[in-house]
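As structure tokens, the structure follows; a few thoughts come after it.
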Amino acid sequence: MTFDTQEVLPEQMQFRLDKLRTLEEEGKSPYLLTSCRVTHHAEDIVQDFDKLEETEVRVAGRLMGKRGMGKVSFADLLDRTGTIQIFSRKDNLGEESYGAWQELDLGDLVAVSGQVFRTKTGEVSIRNAEWTLLAKSLRPLPEKFHGLRDTDVRYRKRYLDLMVNPEVRDTFIKRSRIIQLIRRELDGRGYLEVETPLLNTIAGGAAARPFVTHHNALDLDLFLRISPELYLKRLIVGGLERVYEIGRNFRNEGMSTRHNPEFTMLELYEAFGDYHTMMDITESLISKAAEEICGGYEIDYQGTPISLAPPFRRISMIDAVREHTGLDFAVLTSDEEAREAASAYGLEDVGPAMPWGEVLNACFEEYAEDKLIQPTFLIDYPIEISPLTKIKEGTKGRLTERFEIFIGGREYGNAYSELNDPFDQRRRFADQQRRHEAGDEEAQLPDEDFVESLEYGMPPTGGLGIGIDRLVMLLTNQPSIRDVLLFPTMKPLD
RNA sequence: GAUCCACUAGCUCAGCCGGUAGAGCAUCUGACUUUUAAUCAGGGGGCCUGGGGUUCGAAUCCCCAGUGGAUCACCA
């Protein structure tokens with residue numbers, strides 16, 4: 001349905017369109033206005049009422065409510081800060097202006113000038129002395145009381161969702177504040193914010209299937225990045241020492257309440273740090289965000305009470321599995337022993353060639369992961385699933401200095417002491433390549449240029465990645481990642 | 001990719017065992033000079049997501065498709 005065709009419009013739209021045509025015929029088209037001066041915003045007027053009482057202000061926004069009483073009427077004007085009531089009186093505005101005001105439709109954009117006062121029921125209001133139509137709303141708004149519920153429409157037409165559901169606007173304001181806070185915190189620690197390529201010739205730094213695109217001039221297939229990791233570490237080699245990037249990653253995988261094909265990651269690298277440094281930063285970022293966004297460390301996520309007060313618990317993967325299954329991978333040291341014990345315990349899909357570390361990880365994911373409700377650093381991951389991570393001393397090369405942080409049974413971040421041995425890195429890539437050739441589409445492909453950079457020498461470095469969308473979900477108590485993405489990926493309607 | 005659920009007026013939702021399509025808000029007409037989801041009286045508004053089928057008759061039962069949601073799988 002468009003306004004360009006001759007087709008019959010629903011009556012509410014026809015009424016609105018007729019009003020616009022009349023204004024245009026009278027030379028009063030609102031679309032001719034090019035600017036609008038505003039002195040105050042709705043929320044400021046309510047907050048500073050004592051100072052502003054009886055002063056003249058000018059506000060602008062969308063008309064969200066009308067309560068007509070004959071020769072007097074009330075309206076609610078919504079701007080980016082909130083709603084303010086407009087009080088209009090025929091005696092003040094005059095016959096013509098008051099009549100035109102009454103003709104306005106919900107959704108119209110208007111500017112209003114007048115004095116600030118309090119009505120006799122106590123509502124801070126503006127006494128309408130002069131007003132201007134800034135834009136006509138040609139379509140009826142969703143209902144004022146129930147708002148817009150239909151998730152399909154909410155995600156596809158987010159502007160409507162933002163207009164009529166104040167809590168949605170609040171969520172996205174908080175998202176912005178969380179990212180702002182992270183930047184402030186890292187900038188304060190001497191980090192440099194950088195940008196690295198989204199178009200990659202090798203999609204590295206994570207285990208995931210990439211999106212493929214094509215560069216015409218170079219006649220070259222390119223991949224949308226699945227992680228900025230290998231570029232950021234090149235910057236550490238280059239001597240920038242502390243770098244971070246907040247940006248989009250793309251992974252060609254299934255969608256769920258926790259997965260969107262494009263999502264926002266924070267990745268940071270600190271030369272001369274290690275995974276302990278990264279734990280401190282993680283704790284600091286998350287707890288400070290909770291304080292600032294939620295007003296304290298104690299939060300509720302979808303009915304589960306969670307304390308984000310530092311320090312967070314630290315437990316090794318082996319200990320976590322032992323705690324929840326009784327299986328002790330410190331004793332089950334051969335691949336075969338591990339497989340047999342896990343199978344006997346009930347773990348399904350234990351492949352005949354599955355190495356020790358993968359069995360350990362599978363046990364963790366199956367039996368322990370969803371038990372980690374309070375924030376927990378799960379540390380010391382097996383080498384088989386950590387191809388970019390430095391080996392932990394005293395583990396005979398089986399474990400690495402890596403952690404993931406779990407809250408409410410979900411992963412929020414991943415960090416390690418970065419592998420800086422070029423020979424070892426080359427071996428690990430070769431191992432990954434063998435897996436890729438064996439059919440594992442998510443195994444990482446070798447990036448020889450990255451290994452070459454390591455040959456110039458990369459200092460011992462700590463690296464960290466945090467899923468920003470999930471963090472925002474946690475701190476704004478949203479059940480789905482789509483509720484913290486302004487425009488989540490949707491199938492087209494046609 | 002699999003399974004289950006949903007789709008009815010601009011919005012939020014009823015609609016039972018198959019028998020002429022309903023409510024609230026919004027909208028239109030009228031009344032009303034301090035309302036708060038204003039109130040009162042009256043009116044209009046429907047491709048029941050789309051396509052097949054069963055039936056004298058389908059919003060309702062069956063099949064297929066579309067979109068969304070949840071769970072699972074993959075994954076962060």
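Everything numeric here is computed off the predicted structure, so don't read it as measured data. In what follows, every chain begins at residue 1, and chains take the letters A, B, ... in the order their sequences are listed. Quick note: numbers below take in every heavy atom, side chains included, and nothing from hydrogens, waters or symmetry partners.
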Applying side-chain contact (heavy atoms from CB on, under 4.5 Å), can you list everything that pairs with [X], at least two apart in sequence or on another chain?
{"X": "Pro142(A)", "answer": "Leu148(A), Leu160(A), Val164(A)"}
{"X": "Thr257(A)", "answer": "Ser480(A)"}
{"X": "Glu193(A)", "answer": "Arg183(A), Tyr244(A)"}
{"X": "Ile202(A)", "answer": "Leu445(A), Asp447(A)"}

Aromatic ring of Phe263(A) stacked on base six-ring of rA76(B), 5.5 Å, 30°: yes
rG50(B) to rU3(B) separation - C1' atoms, rounded to the nearest Å: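 Taking atom C1' in both rG50(B) and rU3(B), they lie 23 Å apart.
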Spacing of the C1' atoms in rA26(B) and rG68(B) (rounded, Å):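 That atom pair is separated by 25 Å.
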Anti or syn - rC64(B), cut at 90° from 0: anti
Identify, residue by residue, the members of [range] with a heavy atom below 4.0 Å from RNA chain B, and return them in order of residue number, or none.
{"range": "residues 150-161 of chain A", "result": "Asp150(A), Thr151(A), Asp152(A), Tyr155(A), Arg156(A)"}
{"range": "residues 357-387 of chain A", "result": "none"}
{"range": "residues 174-182 of chain A", "result": "none"}

Qualifying side-chain hydrogen bond (donor to acceptor under 3.5 Å, both in side chains) pairs with a residue from residues 368-379 of chain A, counting only residues at least two apart or across chains: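 Output for this query is empty, none listed.
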Below 4.0 Å: OP1/OP2 of rC11(B) and any side-chain N or O of Lys144(A): no
Gap between atoms CG and C1', on Asn165(A) and rC11(B) respectively (whole Å):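 One finds 11 Å between C1' of rC11(B) and CG of Asn165(A), rounded.
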Residue pairs passing the ring-ring contact (aromatic ring centres under 6.0 Å, His included) test where at least one lies in residues 463-494 of chain A, sequence neighbours excluded: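 Found none.
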Residue pairs passing the ring-ring contact (aromatic ring centres under 6.0 Å, His included) test where at least one lies in residues 73-92 of chain A, sequence neighbours excluded: Phe74(A)-Phe87(A), Phe87(A)-Phe117(A)
Under-3.5 Å donor-acceptor pair between Gln85(A) side chain and rU35(B) base: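 Side chain to base: pair present.
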Arg149(A) (side chain) and rU12(B) (base): donor-acceptor pair under 3.5 Å: no
Residues Tyr275(A), Phe377(A); criterion ring-ring contact (aromatic ring centres under 6.0 Å, His included); working and verdict: CA-CA 11 Å; Tyr275(A) 78 149; Phe377(A) 290 113; 9.5 Å; no
Show each protein N/O and nucleotides 28-30 of chain B N/O combination with a separation under 3.5 Å, one pair to a line.
from	atom 1	to	atom 2	distance (Å)
rC28(B)	OP1	Lys19(A)	NZ	3.4

salt_bridge(Asp161(A), Lys157(A)) N-O dist < 4.0 Å: no
Presence of salt bridge, Arg175(A) and Asp469(A), under 4.0 angstrom: yes
Heavy-atom protein contacts under 4.0 Å, nucleotides 2-10 of chain B, coded B base, S sugar-phosphate only, - none: --------B
Smallest separation among heavy atoms of Glu262(A) and Arg248(A), with atom names: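 Residues Glu262(A) and Arg248(A), closest heavy atoms: OE1-NH1, 2.6 Å.
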Base, sugar-phosphate or nothing for [X]? Non-hydrogen atoms, less than 4.0 Å.
{"X": "Gly147(A)", "value": "sugar-phosphate"}
{"X": "Thr257(A)", "value": "sugar-phosphate"}
{"X": "Arg258(A)", "value": "base"}

